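What you see is a predicted model; the values in this text were computed from it and never measured. Read the numbers this way: they start at 1 and go in the same order the structure lists the ligands and their atoms.
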Amino acid sequence: MDRYAVVGHPVAHSQSPAIHARFAELTGQALTYERLELPLDGFLTGIEAARAAGLRGGNVTVPFKLEAFAWAQHRSARAELAQACNTFWFEADGVHGDNTDGIGLVRDITRHAGVALRGARVLLVGAGGAGAGVLGPLLSEGPAELVLSNRTVARAQDVVDHHAGWARRHDVRLVASGLMDVAGAFDVVINATAASLQGAEPPLPTSAIGPGTLVVDMMYGPKAEPFAAWARSHGATVRDGLGMLVEQAAEAFFVWRGVMPPAAQVLAERRALLAT
Ligand code: NAP
C-alpha cells in the first residue's frame, strides 16, 4: 500500500483522510492516507522522518504551506504563483510541490455551481494564504475584472503586484482594494478571510452583492453560517468551502496517481454527512 498523509497543525479536524480513502475505494487505487500532526517548529524534521519511513506524498495544511513551498525542489507553475504548496510527492529527483487549492475553487464554481468566470466581475476578499493561493487559477479563467480586497491593503497590493504579469497574459483588470472601498455589484464574490472565525462583521459592503451574485465562502460548517445567512438575506446564492475542499483533493489525487476520482459523487456524500 502506498502511504500518503495530510501534514499540519492541527489536523485532527481534517476531512482529507476520509475523502482520499473514498477516492481510493472508488478508483481501486491501493493507498492509505493518514494524519500527520507536526510541532509548529518541526515541519522539516517531521516530514523528512516520514519520508524516510516510506511516505509517498501528501497534502499540507495550515500553517506549513509556505515552508512546504521552500522545501520543494521542483514546483509547479501554480505553486510558484501561489508561493505556497498544498500538495507534495517524492520522486527520484527529489521533492515535488504543487498547489491544487485554486483549481479546486475554480471547478467548484464552474462545474458544481455552474457559473462561468470568463468575462465576469469577481471580488476576492482576503489576501492571506488562501486568497493568494487561488488567485492565479482564477485569473486563468479570464474574468473581465478581479478586485482583491483585504483589511490590510498593502498585503493585497503585494499579491496583486506578484500576479500582474499573469493578469496581463489573461487580459484581466486586476486591482487591490480596502474591504469597504469596493464599488458596484459583482458576479462572483469569494470570502477567503478568517473573519468568520473571529465572529467579525461581513468583510464587504452590501452593495457588492445582489440577486445574481454567487458568493463562495472558503469555510464550511457552523462557523460559516452567519456570513452565508447575511449574503442570502441580500439576495446572493451561497456556497460554502466543501466543494473546493473535495475538488482540491481530487486534483491532488490525480497528480499522485494519474487517475481522476469522481469528485461530484464524493462531494454529494460529504454534503449529506455534514447535514446530519
Ligand atoms: P491567513 O493567511 O491567516 O489570512 C487570514 C486572512 O483573513 C487575511 O486576509 C486577513 O486580513 C483576513 N482577516 C482575518 N481576520 C479578519 C477580520 N476580522 N476582518 C477582515 N479580514 C480578516 O489565513 P488563510 O490561510 O488565508 O485562511 C483563510 C480562510 O480560508 C480560513 O478560514 C481557512 O479555513 C479557509 N481555507 C479553506 C480552504 C478550503 O479548501 N475550503 C482552503 C484554504 C483555506 P489581514 O491581511 O488584514 O490580516
Is Asn86 near ligand 1, meaning one of its heavy atoms is under 4.0 Å from it?
no
Starting from atom 27 (O) of ligand 1, which protein heavy atom do you reach first, and at what distance in Å?
Ala130 CB, 3.7 Å
Report the nearest protein non-hydrogen atom to atom 48 (O) of ligand 1: residue, atom name, distance rounded to 0.1 Å.
Arg151 NH2, 2.9 Å
Is any N or O atom of Met244, backbone or side chain, closer than 3.5 Å to an N or O atom of ligand 1?
no
Protein heavy atom under 4.0 angstrom of atom 33 (C) of ligand 1, is there one?
no
Assert yes or no for the condition that the ring centre distance of Trp71 to Phe64 is strictly below 6.0 Å.
no
Under a 4.0 Å N-O cut-off, is there an ion pair linking Asp108 with Arg239?
yes
Taking 4.0 angstrom as the limit, do Arg118 and Glu141 come out as a salt bridge?
no
among protein heavy atoms, the one nearest atom 36 (N) of ligand 1 is Met218 CB, 4.0 Å
Test item: Gln83 side-chain N/O and Glu80 main-chain N/O as donor-acceptor pair under 3.5 Å
yes
For Gly241, counting its heavy atoms only, list the atoms of ligand 1 lying under 4.0 Å from any of them.
41 (N)
Can you confirm whether something in the protein, heavy atoms only, sits under 4.0 Å from atom 46 (O) of ligand 1?
yes
If you count every heavy atom of other residues, nucleotides or ligands that lies below 6.0 Å from Arg232 atom CZ, does the total exceed 12?
yes
Pick from Glu247, Gln248, Lys223, Gln198: the one approaching atom 18 (N) of ligand 1 most closely through a non-hydrogen atom:
Gln198
Candidates Ala194, Ala154, Ala200, Ala224; heavy atom nearest atom 5 (C) of ligand 1 found on Ala194
Would you check if the side chain of Thr152 reaches a backbone N or O of Arg155 as a donor-acceptor pair within less than 3.5 Å?
no
His74/Trp89 under ring pair (Phe, Tyr, Trp, His ring centres under 6.0 Å): CA gap, chis, key distance, verdict:
CA-CA 10 Å; His74 308 275; Trp89 66 100; 9.5 Å; no
Does the distance from a Lys or Arg side-chain N to an Asp or Glu carboxylate O, for Asp98 and Arg78, drop under 4.0 Å?
yes
Nearest protein heavy atom to atom 29 (C) of ligand 1, by residue and atom, and its distance?
Thr193 O, 3.6 Å
Whether over 12 other heavy atoms sit under 6.0 Å from Glu48 CD
yes
Is the distance between the ring centroids of His20 and Trp256 under 6.0 Å?
yes
Report yes if Gly131 has an N/O atom closer than 3.5 Å to an N/O atom of ligand 1; otherwise report no.
no
Test: Arg3 cationic atom under 6.0 Å from Tyr33 six-membered ring centre, within 45° of axis:
no
Against heavy atoms of Met219, which atoms of ligand 1 measure under 4.0 Å?
32 (O)
At under 4.0 Å between heavy atoms, which part of Leu179 makes contact with ligand 1: side chain, backbone, both or neither?
side chain
protein heavy-atom neighbour closest to atom 23 (O) of ligand 1 works out as Gly129 N, 4.5 Å
Of all the non-hydrogen atoms in the protein, which one sits nearest to atom 11 (O) of ligand 1, and at what distance?
Asn150 OD1, 3.4 Å
For atom 28 (C) of ligand 1, what is the closest protein heavy atom, and at what distance to 0.1 Å?
Ala192 O, 3.4 Å
Atom 8 (C) of ligand 1 [closest protein heavy-atom partner, distance rounded to 0.1 Å]:
Arg155 NH1, 3.7 Å
4.0 Å protein heavy-atom contact status of atom 3 (O) of ligand 1, strictly under
no
State the atoms of ligand 1, each with its element, that fall below the 4.0 Å cut-off from a heavy-atom position in Gly126.
9 (O)
Determine whether more than 12 heavy atoms belonging to other residues, nucleotides or ligands lie under 6.0 Å from atom CZ of Arg271.
yes
